[in-house]
Asks: 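The structure under discussion is supplied below as structure tokens; questions concerning it will follow.
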Amino acid sequence: MSDTSHEPATAPADTAPGGPPGGLKRYVSARGRSLLGALFLMATSAIGPGFITQTATFTQQLGAAFAFGILVSILLDLAVQMNVWRMITLTGKRASVLANEALPGSGYVLAVLIVFGGLIFNIGNTAGAGLGLNALFGLDPRLGGAISAVIAVAIFLAKRAGAVVDRVVIVAGLVMIVLTVIVAVLSGPPVGEALRQTVLPDTVDFATITTIVGGTVGGYITYAGAHKLLDSGTAGPEHVREVNRAAVSGIIVTGIMRYVLFLAVLGVVASGVVLDVAGNPAADAFGAAAGEVGLRIFGAVFWIAAITSVIGSAYTSVSFLPVFSARITGRAADLWTVGFILVSLVVYLVIGTAPATLLVFVGGVNGLILPIGLTLFMYIGWFRGSLLGAARYPRWLLVVGTLAAVVTWYMAVNAVGPIFDLLSA
């Protein structure tokens with residue numbers, strides 16, 4: 001977003017002793033909103049239409065055993081986010097710049113992968129927005145996708161784009177959670193069985209876990225909140241605690257939302273309803289739980305998830321481009337973001353892949369990209385610690401992050417075939 005949207009990195013001058021308190025209040029309010037904005041940008045990017053479709057699809061396939069996949073995804077998310085957010089904000093450098101300093105050329109590779117993964121993700125997000133408006137108002141999904149893209153473009157062209165995005169993702173995220181909780185209560189899921197299989201699953205599916213990890217923290221999502229914090233001036237060792245708090249809170253919000261959605265779908269599946277996984281399984285679940293009202297709630301939830309993910313994907317993907325040209329900043333970055341959204345829309349309008357299948361596939365692709373970026377950051381932590389400042393980086397975080405990298409590589413290798421098979425399904 002443009003430089004005009006950036007919040008100050010230090011308190012304004014009128015907070016000096018004896019000065020008027022208004023500046024301090026504005027600064028504290030802006031700082032709190034920026035932290036919440038980063039948290040919800042990450043969470044709403046993770047809670048996108050792919051997230052919802054994947055959860056419905058895999059709950060239909062695995063039943064209560066899918067709860068274990070959710071638990072693994074949350075643990076991996078924590079290991080990834082706490083390391084990546086901390087390193088980026090400690091150095092005050094975007095991921096691709098930091099990677100280049102640690103291993104020359106690696107930042108360019110990371111940027112290409114993130115932009116590619118973000119574009120695929122955004123095509124799915126645009127498709128999801130179309131499906132949401134179709135369920136909500138009966139619009140043709142392609143028309144709905146086009147309308148949603150125009151709304152996202154208008155948000156980025158707003159005079160104070162950063163502040164607008166902060167408010168949009170916070171309010172939208174809260175509304176989405178409340179609506180999903182309502183449907184979860186109405187569906188009456190077998191909570192006891194779900195809790196048991198969270199830790200003792202009947203089935204473990206690596207492709208499933210890789211896909212939902214990719215949809216929660218894969219690709220661009222890993223860096224969304226961290227880059228947003230940099231834009232708000234939250235960088236340096238003095239902000240470590242609030243960065244950690246925002247990272248953990250974002251994962252908790254995402255985890256709660258995923259589990260609540262899982263319970264809502266599980267209640268429907270456990271009652272004997274068979275969801276159409278090739279069509280729109282999440283819509284089937286919401287409709288079975290709450291009838292016509294459920295379909296409208298689904299439409300609202302799906303559209304909110306999609307439009308906030310369009311914003312998160314476009315913003316974060318473009319935030320990697322300055323590594324190629326320092327001129328892609330400020331208003332120029334906003335225009336690149338608009339172009340990114342429009343390209344995603346055009347590709348969505350011309351492809352023939354079913355939207356639901358596409359939404360599951362994009363999570364899998366970003367799950368394959370995840371271990372590459374995470375391995376780069378673990379290399380920085382273990383072997384290029386001098387880039388992270390004078391304070392010693394917590395060894396336990398590096399151990400946890402390295403274990404997560406090994407697990408994500410293992411899952412990616414085992415899941416690559418099944419993930420790409422989705423396109424021919």
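All values below come from the heavy atoms of this structure, side chains included, with hydrogens, waters and symmetry mates left out.
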Asks: List the residues meeting ring-ring contact (aromatic ring centres under 6.0 Å, His included) with Phe340, not counting sequence neighbours, and say none if there are none.
Replies: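 Listed in chain order: nothing, the list is empty.
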
Asks: Identify whether the distance between the nearest side-chain nitrogen and carboxylate oxygen of Glu242 and Arg245 falls below 4.0 Å.
Replies: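 Arg245 and Glu242: not salt-bridged.
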
Asks: Within 45 degrees of the ring normal and closer than 6.0 Å to the centroid, is that where the cationic atom of Arg384 sits relative to Tyr379?
Replies: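 So Arg384 doesn't make the cation-pi contact.
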
Asks: Between Ser325 (side chain) and Pro322 (backbone), is there a donor-acceptor pair under 3.5 Å?
Replies: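 Not at all, since once roles are kept as given, no pair shorter than 3.5 Å links the two residues.
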
Asks: Going by atom types alone, do Tyr393 and Asn83 pair a side-chain donor with an acceptor below 3.5 Å?
Replies: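 Yes.
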
Asks: Using distance only, find each side-chain donor-acceptor pair of residues 170-181 under 3.5 Å and give its atom names and separation, not counting sequence neighbours.
Replies:
unit_1: Thr180; atom_1: OG1; unit_2: Met176; atom_2: O; d: 2.8

Asks: Please report the interatomic distance NZ(Lys93) to CG(Leu388), rounded to the nearest 0.5 Å.
Replies: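 Between atom NZ of Lys93 and atom CG of Leu388 there are 9.5 Å.
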
Asks: Could you state the interatomic distance from OG (Ser249) to CD1 (Ile252), rounded to the nearest 0.5 Å?
Replies: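 Separation between the atoms: 5.5 Å.
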
Asks: Closer than 4.0 angstrom, basic N to acidic O: yes or no for Arg331 and Asp334?
Replies: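 Asp334 and Arg331: salt-bridged.
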
Asks: Between Trp85 and Thr222, is there a side-chain donor-acceptor contact under 3.5 Å, judged purely by atom types and distance?
Replies: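 No pair is found: no donor N or O on one side chain lies under 3.5 Å from an acceptor on the other.
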
Asks: Does Thr316 use its side chain to pair, donor to acceptor, with the backbone of Ser313 at less than 3.5 Å?
Replies: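 Absent.
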
Asks: Using every non-hydrogen atom in the two residues, find where Leu230 and Arg94 come nearest and quote the distance to one decimal.
Replies: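 Closest heavy-atom pair between Leu230 and Arg94: CD1-N, 3.8 Å.
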
Asks: So, the side chain of Thr59 versus the backbone of Val265: is there a donor-acceptor pair under 3.5 Å, distance only?
Replies: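 Checked: no pair found.
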
Asks: Donor-acceptor pair, Gln60 side chain versus Leu275 backbone, under 3.5 Å?
Replies: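 Looks like yes, one N/O pair under 3.5 Å.
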
Asks: Say you draw a straight line from CG of Leu200 to CZ of Phe68; how long is it, rounded to the nearest 0.5 Å?
Replies: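 So the gap between those two atoms works out to 9.5 Å.
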
Asks: Return yes if a side-chain donor-acceptor contact under 3.5 Å exists between Tyr223 and Ser96, otherwise no.
Replies: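 Looking only at side-chain atoms, Ser96 and Tyr223 do not form any donor-acceptor pair under 3.5 Å.
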
Asks: Using 4.0 Å as the upper bound for N to carboxylate O, is an ion pair formed by Arg258 and Asp77?
Replies: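 Answer for the salt bridge query: no.
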
Asks: Starting from the C-alpha separation in whole Å, work towards a yes-or-no answer on side-chain contact (heavy atoms from CB on, under 4.5 Å) for Ser148 and Leu133.
Replies: CA-CA 9 Å; Ser148 302; Leu133 290 184; 3.7 Å; yes

Asks: Checking Phe116 now: which residues fulfil ring-ring contact (aromatic ring centres under 6.0 Å, His included) with it, not counting sequence neighbours?
Replies: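 Once residues adjacent in sequence are excluded, Phe116 has no partner under the ring-ring contact (aromatic ring centres under 6.0 Å, His included) criterion.
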
Asks: Would you compute the distance between atom CG of Leu103 and atom OG1 of Thr375 and round it to the nearest 0.5 angstrom?
Replies: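 Nearest 0.5 Å value for the CG-OG1 distance: 11.5 Å.
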
Asks: How long is the span from the OG atom in Ser106 to the CD1 atom in Ile380, to the nearest 0.5 Å?
Replies: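 Result: 7.0 Å between the selected atoms.
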
